[in-house]
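Written below as structure tokens is the structure these notes are about.
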Amino acid sequence: MITMDDIIREGHPTLRKRAEEVSLPASNEEKKILQKMVEYLIHSQDEETAEKYGLRPGVGLAAPQINVSKRMIAVRTHDHNDELIELGLYNPKIVSHSVETTYLEGGEGCLSVDRMVEGEVPRYARIKVKATTLEGDEITLRLKGFAAIVFQHEIDHLNGIMFYDRIEGNDPHKQSLPPKEVMKLSDDHG
Ligand SMILES: CC(C)(C)[C@H](NC(=O)Nc1cc(F)cc(F)c1)C(=O)N(CC(=O)NO)CC1CCCC1
Ligand SMILES: [Zn+2]
């Protein structure tokens, strides 16, 4: 079974790679891994099992988080009608989304991040996702609310994106001058 020891943490290079498409039908090895990812979520959401094995209760898990750089995600949460969504998916793709955005009030966390990171993470309010299920069926999901956020968070992992990359003010490309350098510039102009 997957435990927290199998979940890699920020700083591990695999979390920053673009995961490879899974060529379908999936191999037995890939099926086994995806099944175990779904099982992690089930175990982690069972209080007794989570307690026994020290599992963080997860609502979603992406294969790169267990150091498997393949486009596979597992999700176990409830949709806006409070229906259970428990899925293992190959090659999930957001095929369309709302213009409106939403965010989790208290910000987001991550099974691969052992610290609190403040800030709102903007997500599309509604998304349409196409994927292939563990059982091999192609499906289309229309998601909103928390479930839409979970899917966006997991699909980001397949593209090497961490939730905090999306918190405004953290422009990963903007290099600010170290304070000393900035002081030096103003000295030069006297
Ligand atoms: C990292 C952790 C905090 C365990 C997070 N769980 C979570 O957000 N649970 C939750 C939140 C609610 F708002 C209401 C509720 F009922 C339960 C989670 O599983 N993930 C999965 C993950 O790290 N996948 O890579 C992070 C979530 C942040 C937003 C979506 C997924
Ligand atoms: Zn995560």
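Read the numbers this way: they start at 1 and go in the same order the structure lists the ligands and their atoms.
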Flag side-chain contact, heavy atom, 4.5 Å: [X] against [Y]:
X      : Y      : result
Arg142 : Arg126 : no
Gln45  : Val59  : yes
Arg123 : Glu108 : yes
Ile33  : Ile66  : yes

The Zn ion (ligand 2) neighbourhood, protein N/O/S only, threshold under 2.8 Å:
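Near the Zn ion (ligand 2), the protein supplies Cys110 SG, His153 NE2, His157 NE2.
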Which protein heavy atom lies closest to [atom], and at what distance to 0.1 Å?
atom                    : result
atom 10 (C) of ligand 1 : Phe146 CZ, 3.9 Å
atom 28 (C) of ligand 1 : Gly109 O, 3.6 Å
atom 4 (C) of ligand 1  : Pro57 O, 3.1 Å
atom 30 (C) of ligand 1 : Val150 CA, 3.7 Å
atom 21 (C) of ligand 1 : Gly60 O, 3.3 Å
atom 3 (C) of ligand 1  : Arg56 NH2, 3.8 Å

Considering only distance and modelled atom types, tabulate donor-acceptor pairs under 3.5 Å from the side chains of residues 143-151, sequence neighbours left out.
none

Can you find an N or O of Glu108 that's nearer than 3.5 Å to an N or O of ligand 1?
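No - when backbone and side-chain N and O of Glu108 are compared with those of ligand 1, no distance drops under 3.5 Å.
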Report the residues that fulfil salt bridge (charged side-chain N to carboxylate O under 4.0 Å, His left out) with Arg56, sequence neighbours left out, ordered by chain and then residue number.
none
Side-chain polar contacts of residues 77-85 - donor-acceptor pairs under 3.5 angstrom, sequence neighbours left out - could you list them?
from  : atom 1 : to    : atom 2 : distance (Å)
Asp79 : OD1    : Asn81 : N      : 2.7
Asp79 : OD1    : Asp82 : N      : 3.0
Asp79 : OD1    : Glu83 : N      : 2.9

Option of least heavy-atom distance to atom 18 (C) of ligand 1 (set: Leu41, Leu15, Val59):
Val59
Are any of the protein's heavy atoms under 4.0 angstrom from atom 25 (O) of ligand 1, yes or no?
yes
Report whether Tyr90 and Leu87 are members of the same hydrophobic cluster (ILVMFWY, side-chain heavy atoms less than 4.5 Å apart, transitive linking).
no
